[in-house]
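I have placed the structure first, in the form of structure tokens, so that the comments after it can refer back to it.
Proteins get letters first, then strands, A, B, ... in listed order; numbering begins at 1 in each. Just so it is clear, the structure is predicted and the values come from calculations on it, not from any experiment.
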Amino acid sequence: MLDPKLLRADLDNTVRKLARRGITVDTAALAAIEEQRKRVQVHAEQLQAERNAKSKAIGMAKAKGEDASKVMQEASTIGAALTQAQAELERIQTALNDVVLGIPNIPHESVPEGHDERGNIEVRRWGEPRKFDFTPKDHVEVGERLGLMDFEVAAKISGARFVVMKGTLARLHRALIQFMLDLHTRDHGYVEVYVPYLVNSASLRGTGQLPKFEADLFKVPHESIDDEVALKALQGKDNDSVAVKKIDRSLYLIPTAEVPVTNLVRDVIVDAKEMPLKFVCHTPCFRSEAGSYGKDTRGMIRQHQFEKVELVQIVPPRDSYAALEALTGHAEKILQLLQLPYRVVTLCAGDMGFSAAKTYDIEVWLPGQNRYREISSCSNFEDFQARRMQARWRNPETSKPELAHTLNGSGLAVGRTLVAILENYQQQDGRVQVPSALRPYVGGLESI
RNA sequence: GGAGAGAUGGCCGAGUGGUCGAAGGCGCACCCCUGCUAAGGGUGUAUACGUCAAAAGCGUAUCGAGGGUUCAAAUCCCUCUCUCUCCGCCA
């Protein structure tokens, strides 16, 4: 969420910066509703102040044993106007809030111009794509030839965009997770966390997936009151004051560990001494992939369910861009140790995610596709998520709570890392070499 | 699943309708005293929002959440959530 002050005091400038993302904001409408809000809020608060003053006077009069009936009479006349003003204010604020929650983050100045991925800028490459003396196969062929990867049985069990892996391949997949977690905890100073895979809507609002991107999520319906309880409540004493309605307690499968992990600090004021907070977390991720029909339908690149090791940092604002560089480096280190060629690109303004102020994508070389494919996305959200979730820290310089900055990045997407290994380490005989860094995690196995 | 008890400021804890944003304590900050530790004394110590160019000031809201009663709710009523204890069940 953007600072509402920017939309009030610096609207034109803010809208200009947002235009870089290719979005337009109806400034006239926004300014109009904001003007309305101001008028109604001032009015409502005046009425409240008036009522409070009279109530206080009644209290004082009664304490002294004086007759307060006249003031009580006056006070009671305020009620109706106040109720009306408050209702109007609430309506306006809801409308305003809906607009503001739908506005993406402002791109950082260093973010390049561009409307889509063609505007992204490569910042560095690492490693040389291997020269094959045979035509390299894609990971589907490699995996199926080994008899260890099965999309058909997954489709029978669940449907499209799922996979079943077996034997040494399943083990290699698991080994990657251990390898990544070990590196980030041992060498990069992250604290491992285990978190829920089902989260509530408040958490998703905090990181920015809701309200705008519900279609991308798997929702698990859940209501809190059953008919029996509701009936009992209705038969209770104060029938007229009972407001029984089913409360939607639906949960969502996490699309990334970013959601539960970043929300660890929702409504928290972090002690400056504990900063920066650095968490690493392995979870499965679930994405509906609505709107990606026909895209990456083959193989493990785009699945409804995949494993990911996620890096999350909560830092003081002035450190966040240095932290983004460091975090990106931590993700790159995995690929370097696995000897997988990759490149890093800065996403242009039009290609960035909703909540991000700046994003680096790491793209790994896939011989089967003869191109680089995203394997990690590392972003600085500045205070955009922090404002939504009220994640703060106490700034020692001001001793006041201030919004923290949040960052995250994949370190790495496990399924795609496995894909990269299968494609880059394949042999002509169909076997796949195990990268030496991984061998300790698979009992010394050299190939599968 | 059944029975019960709770939820108040950074922490502990008082407060059952009215000058309560909330006593007291702890902690923290600053000051005083004290020849440097300990002890003692004083002062201060929530957050958000609005108004304002900004600050000050003023106003509004917040005692788990939502709703209700009332001129007035931390306090009364209803619903929900969460925590704890006991029983049952369970990986």
Is [N] paired to anything, Watson-Crick or G-U wobble with both distances less than 3.5 Å, and if yes, which nucleotide?
N     : result
B:G21 : none
B:A14 : none
B:C36 : none
B:G57 : B:U51
B:U70 : none
B:A29 : B:U43
B:C90 : none
B:U81 : B:A7

Please report the distance separating the [atom1] of [N] from the corresponding atom of [M], rounded so that it comes out in whole Å.
N     : M     : atom1 : result
B:A22 : B:G35 : C1'   : 43 Å
B:A91 : B:G6  : C1'   : 29 Å
B:C49 : B:C32 : C1'   : 39 Å
B:G1  : B:C89 : P     : 15 Å
B:C63 : B:G9  : P     : 10 Å
B:C58 : B:C71 : C1'   : 24 Å
B:A54 : B:G40 : P     : 46 Å
B:G18 : B:U75 : C1'   : 11 Å

If only side-chain N and O atoms of [X] are considered, is one of them under 4.0 Å from the OP1 or OP2 phosphate oxygen of [N]?
X      : N     : answer
A:Q48  : B:A61 : yes
A:N52  : B:U60 : yes
A:R51  : B:G59 : no
A:K38  : B:C49 : no
A:R392 : B:A48 : yes

Closest listed nucleotide, where the reference is the side chain of [X] and the choices are [options]:
X      : options             : value
A:V42  : B:G59, B:C71, B:U51 : B:U51
A:K56  : B:U19, B:C71, B:U47 : B:U19
A:Q41  : B:C71, B:C49, B:U51 : B:C49
A:R394 : B:A61, B:U47, B:C71 : B:U47

For the pair made of [atom1] in [X] and [atom2] in [N], what is the distance, rounded to whole Å?
X      : N     : atom1 : atom2 : answer
A:Q390 : B:U62 : CD    : P     : 17 Å
A:D267 : B:G9  : CG    : P     : 14 Å
A:H43  : B:A61 : NE2   : P     : 15 Å
A:E74  : B:A72 : CD    : P     : 14 Å
A:Q86  : B:G68 : CD    : P     : 10 Å
A:K70  : B:C71 : NZ    : P     : 17 Å
A:E45  : B:G59 : CD    : P     : 12 Å
A:I78  : B:C71 : CD1   : P     : 12 Å

Salt bridge A:E74-A:K70, side-chain N to carboxylate O under 4.0 Å: yes

Considering only NZ, NE, NH1 and NH2 on the basic side and carboxylate oxygens on the acidic side, decide whether A:R287 and A:E289 come within less than 4.0 Å. no

What do you reckon, is CD of A:Q93 surrounded by more than 12 foreign heavy atoms closer than 6.0 Å? yes

Okay, side chain of [X], backbone of [Y]: is any donor-acceptor separation there less than 3.5 Å?
X      : Y      : answer
A:S288 : A:A290 : yes
A:T359 : A:M352 : no
A:R388 : A:R205 : yes

Would you kindly compare A:V71 and A:Q46 by the position of their nearest RNA chain B nucleotide and give the one closer to the 5′ end? A:Q46

Want to settle it: does A:P4 or A:A49 sit nearer the 5' end of RNA chain B, counting the closest nucleotide to each? A:P4

Anything under 30° is parallel, anything over 60° is perpendicular, the rest tilted; go ahead and classify A:H184 against A:H188. tilted

Just to be sure I understand the rule, does A:R387 reach a base, reach only the sugar-phosphate, or reach nothing, if contact means heavy atoms closer than 4.0 Å? nothing

Please determine whether any donor N or O and acceptor N or O are separated by less than 3.5 Å between the side chain of A:K62 and the base of B:G18. yes

Compute the centroid of each ring, for A:F354 and then for A:F213, and state whether the two points are separated by less than 6.0 Å. yes

